[in-house]
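Each ligand, and each atom within it, is numbered from 1 in the order the structure gives. These values consider heavy atoms only, across backbone and side chains, with no hydrogens, waters or symmetry-generated copies.
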Amino acid sequence: MAVQHARLQAWVDDTVALCTPARVHWCDGSEAEYRQLCDLLVSQGTFQAVPARPGSFVCRTHPSDVARIEDRTFICTTDPDDAGPTNRWADPVAMKATLRQRFAGAMAGRTLYVVPFCMGPIGSPLARLGVEITDSPYVAVSMRIMTRMGAAALAALGSDGTFVPCLHSVGAPLGPGRPDVPWPCATELSDKFIVHFPEDPSIWSYGSGYGGNALLGKKCFALRIASHLARDEGWMAEHMLILALTPPAGAASRSTTRYFAAAFPSACGKTNLAMLRPTLPGWTVRCIGDDIAWMRQGADGALHAINPEAGFFGVAPGTSEESNPNAMATIRRNTIFTNVATTPDGDVWWEGMTADPPAQLTDWQGRDWKPGAGRPAAHPNARFTAPLDQCPVIDPRFADPAGVPISAIVFGGRRPRTIPLVNEARSWAHGIFLGATAGSETTAATIGTAGVLRRDPFAMLPFCGYHMGDYFAHWLEMGRRLGAQAPRIFFVNWFRKDASGAYLWPGFGENIRVLKWMCDRLDGRDVAEDTAVGHLPRPGSIDTSGLDIDPAVMAELCAVDAEGWLREITLIAESFSALEPRVPKSLRSLLSELKHSFGVGSQRREAAP
Ligand code: GTP
Ligand code: SPV
Ligand code: MN
């Protein structure tokens with residue numbers, strides 16, 4: 001391939017000199033190239049075909065390489081305060097020296113793939129270009145699904161276009177006495193590095209081949225680096241799904257189709273909400289994106305969003321014909337499954353796919369598995385990688401270069417207690433307060449203990465490329481620019497549990513009932529009560545027709561749990577303290593108001609025994 005771009009060619013030449021690969025392959029993104037790389041992965045033992053699903057493969061990783069590694073993710077800025085207390089900071093000069101040592105000779109015996117890619121529809125004013133250099137063919141084929149990859153992206157770069165250089169190695173060079181293995185990676189956590197230099201900007205990732213650690217267009221570029229760019233340039237890069245919601249024809253709604261963006265932490269329901277199949281007759285949900293939204297004020301003054309990705313990298317466990325039939329249809333062909341179990345008749349399986357597990361499986365580590373084995377057959381963070389346009393409910397505007405206008409922004413988290421099913425913010429600033437104070441239980445999407453409650457502001461805790469306090473201020477500033485056209489803001493929680501640990505709310509397709517209530521609010525209907533924590537649904541205002549749910553449960557889901565909020569206030573205050581002195585004043589006063597409503601710090605409470 002003749003490369004017209006001198007800076008790109010020079011970076012590739014330098015990288016070849018540093019990493020000493022056996023070969024260099026420029027990816028053109030063609031179907032033929034994709035097939036060749038998949039064949040190569042099969043011959044290396046990394047991929048196995050999935051006969052039940054045409055064009056599909058299953059892949060088993062090294063047990064150390066199953067999720068994002070937050071402890072080994074770094075933001076390197078000249079001033080540590082620019083990364084802020086929620087990120088791991090390292091000195092950029094020292095870190096580059098460390099990384100150059102790691103990358104020296106790192107690709108020995110392997111092919112170096114040059115992967116040009118575009119985040120967003122090629123030619124869209126909201127899109128951005130990147131080039132990933134990787135020694136992993138798994139990354140190359142995954143990037144072809146997840147981004148606009150290959151010749152078209154390279155052409156868009158022209159001879160002098162701006163791109164983010166993204167350097168990746170699995171960190172397991174071949175050599176005498178070092179035979180290849182199906183999933184090469186650095187096996188010690190301390191040998192893995194996912195490093196961002198927002199001031200360049202550039203990304204260097206070493207030692208992991210999995211997901212957000214290695215598909216550098218996703219969390220590294222489209223969130224950490226992009227959030228930094230977005231702050232400087234006046235736009236937003238968010239961990240959000242985008243959906244189109246259409247009420248039944250003839251319904252007394254002022255608008256036909258509305259677009260919503262929603263930020264939930266990793267493994268907290270974005271993919272499921274983005275392609276929800278409504279249980280209420282006549283309602284339609286269509287999917288534009290399930291993980292990342294880039295948003296910018298359009299010429300019409302409204303906030304417009306694009307999905308910078310071209311594929312889904314979705315959580316497999318829990319996905320079934322009942323919970324998410326549209327995802328099940330999306331992954332019937334041309335899908336890469338990672339760390340799922342396989343069945344004797346040539347299909348895949350994971351926990352929750354069917355009510356009863358098959359009698360015999362090969363688990364995600366390639367071992368025999370039978371029901372009652374005492375361990376999951378699929379890894380809890382097992383994932384499917386599939387093209388966006390295979391989703392049966394993909395929205396016709398999913399690749400609209402102008403993006404779609406956003407009417408509502410939704411935040412959420414995995415909260416067994418206290419946080420109501422749905423809450424509408426009183427104002428943009430109050431909405432920012434709800435986003436900034438969001439908490440959620442940790443999940444298998446990151447290495448570490450799952451089920452621990454932590455603050456995860458805007459679902460961006462692991463993904464914000466700069467100081468979280470400055471990020472809150474940027475949201476407030478966006479609100480000032482958008483003025484009356486700013487979207488309305490809601491907060492939802494599908495994950496309330498009863499004393500026995502069972503979910504109180506049925507979730508999934510039934511979440512349409514909550515989306516309908518939001519539409520009622522957008523249409524100006526009087527369905528909310530103003531409370532100390534926000535606008536909560538009036539009794540009976542959430543449509544439960546055809547749903548077998550106890551009205552007492554609905555009341556509990558929509559109530560203000562004073563004891564719980566007292567605990568919540570303590571946690572919020574702690575999280576704000578950690579970000580001082582950069583917490584915007586308006587958020588500090590909203591916390592004071594909340595404290596006041598619950599009598600925290602007032603004389604009444606201090607006087608109590
Ligand atoms: P990332 O890809 O990690 O960013 O995750 P995500 O936010 O897209 O989460 P996803 O939709 O894949 O859901 C993660 C897990 O939560 C799956 O096991 C789902 O089955 C489960 N889940 C999603 N929506 C609901 C819901 O409404 N109720 C309940 N109880 N579980 C849900
Ligand atoms: C997440 O963890 O939020 C994901 C998966 O979407 S990963 O791409 O690994 O970040
Ligand atoms: Mn995600």
Side-chain angles (χ1 to χ4, degrees), residues 61 65-70 73 139 142-143 146 194 205 208-224 238-243 262-277 279 287 289-293 309 311-320 322-324 326-328 330-331 338-339 350-353 376 378-385 410-416 421-422 440-448 450 456 459-463 492-497 501-515:
T61 73
D65 211 26
V66 294
R68 282 184 298 101
I69 317 159
E70 295 180 7
T73 301
V139 167
S142 299
M143 287 294 283
M146 295 305 298
I194 298 96
S205 166
S208 167
Y210 194 53
N213 302 328
L215 311 180
L216 301 185
K218 198 172 177 58
K219 296 314 192 342
C220 297
F221 181 166
L223 289 179
R224 297 194 193 93
E238 302 298 333
H239 191 201
M240 287 180 171
L241 67 91
I242 309 165
L243 64 80
F264 310 153
S266 301
C268 292
K270 289 184 299 301
T271 302
N272 277 271
L273 187 65
M275 46 177 92
L276 165 155
R277 182 175 293 178
T279 53
C287 175
D290 79 324
D291 199 49
I292 301 179
E309 302 192 281
F312 301 108
F313 183 61
V315 177
T319 308
S320 70
E322 284 66 46
S323 66
N324 192 347
N326 290 321
M328 294 301 281
T330 305
I331 60 178
T338 307
N339 288 342
W350 46 75
E351 276 64 28
M353 185 203 255
H379 187 276
N381 190 41
R383 299 234 168 203
F384 53 79
T385 310
V410 185
F411 299 118
R414 190 178 279 271
R415 295 300 301 269
L421 178 64
V422 58
S440 194
E441 290 188 338
T442 52
T443 63
T446 178
I447 303 264
D456 189 347
M460 283 288 277
L461 177 71
F463 307 122
V492 299
N493 176 22
W494 316 139
F495 297 97
R496 284 283 288 272
K497 286 181 175 172
Y503 288 115
L504 285 173
W505 174 250
F508 303 103
E510 306 294 1
N511 292 334
I512 189 67
R513 301 172 189 276
V514 174
L515 296 179

Mark up the atoms of ligand 2 that fall under 4.0 Å of a heavy atom belonging to [X], in ascending order.
| X | value |
| --- | --- |
| Asp291 | 6 (O) |
| Ser266 | 1 (C), 2 (O), 3 (O) |
| His239 | 3 (O) |
| Ala445 | 2 (O) |

As an exercise, identify every atom of ligand 1 less than 4.0 angstrom from a heavy atom of [X].
| X | result |
| --- | --- |
| Asp291 | 4 (O) |
| Pro317 | 17 (C), 18 (O) |
| His239 | 4 (O) |
| Gly318 | 18 (O), 20 (O) |
| Arg383 | 1 (P), 2 (O), 3 (O) |

Let me see the working for Cys287 and Phe312 under side-chain contact (heavy atoms from CB on, under 4.5 Å), right down to the final yes or no.
CA-CA 11 Å; Cys287 175; Phe312 301 108; 3.9 Å; yes

Carboxylate-amine/guanidinium contact Glu441 Arg415, below 4.0 Å
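Judged by the 4.0 Å cut-off on N to carboxylate O distance, Glu441 and Arg415 do not form a salt bridge.
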
List the closest protein heavy-atom neighbour of [atom]: residue, atom name, distance to the nearest 0.1 Å.
| atom | answer |
| --- | --- |
| atom 19 (C) of ligand 1 | Asn272 ND2, 3.6 Å |
| atom 4 (O) of ligand 1 | Lys270 NZ, 2.7 Å |
| atom 9 (O) of ligand 1 | Gly269 N, 2.9 Å |

Would you call the rings of Trp350 and Phe384 parallel, tilted or perpendicular if under 30° counts as parallel and over 60° as perpendicular?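 The rings of Trp350 and Phe384 sit tilted, inter-plane angle from 30° to 60°.
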
Whether Lys270 lies under 4.0 Å from ligand 2, heavy atom: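 For ligand 2, residue contact (heavy atoms, under 4.0 Å) with Lys270 is absent.
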
Is the closest N or O pair between Lys218 and ligand 2 shorter than 3.5 Å?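 Looking only at distances, the answer is no, because the N/O contact criterion of under 3.5 Å is not met.
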
N/O of Gly212 under 3.5 Å from N/O of ligand 2, yes or no?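 Min N/O separation from ligand 2 is below 3.5 Å for Gly212.
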
| query | Looking only at heavy atoms, is any part of Asn511 under 4.0 Å from ligand 1, and if so is it the side chain, the backbone, or both, or is it neither? | reply |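 It is the side chain that touches ligand 1; the backbone stays farther off.
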
| Cation-aromatic face contact Lys270/Phe264, 6.0 Å, 45 degrees |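 Output no; distance or angle outside limits.
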
- Query: Which option, Ala316, Ala459, Ala267, owns the non-hydrogen atom nearest atom 14 (C) of ligand 1?
  - Reply: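 Shortest heavy-atom distance from atom 14 (C) of ligand 1: Ala267.
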
From Met240, Arg68, Met275, Arg414 - option closest to atom 16 (O) of ligand 1 by heavy atom:
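Comparing heavy atoms across Met240, Arg68, Met275, Arg414, the nearest one to atom 16 (O) of ligand 1 lies in Arg414.
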
Fill in: Name of whichever N/O/S atom of Asp291 is nearest to the Mn ion (ligand 3)
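Closest N, O or S atom of Asp291 to the Mn ion (ligand 3): OD1.
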
Option among Asn381, Asn339, Thr338 that satisfies the side-chain contact (heavy atoms from CB on, under 4.5 Å) test with Val66
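Output: one option passes, namely Asn339.
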
query = Is any N, O or S atom of Pro265 under 2.8 Å away from the Mn ion (ligand 3)?
reply =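 Coordinating: no.
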
Item to complete: Measure the CD1-OH distance between Ile447 and Tyr210 for me, rounded to the nearest 0.5 Å.
Response: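 Those atoms lie 10.0 Å apart.
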
- Gap separating the CE atom of Met460 from the CE atom of Met240, nearest 0.5 angstrom: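 Here the rounded value is 8.5 Å.
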
Before you tell me yes or no, could you show the steps for Leu421 and Val514 under side-chain contact (heavy atoms from CB on, under 4.5 Å), namely the whole-Å CA-CA distance, both residues' side-chain angles and the distance that decides it to 0.1 Å? CA-CA 8 Å; Leu421 178 64; Val514 174; 3.9 Å; yes

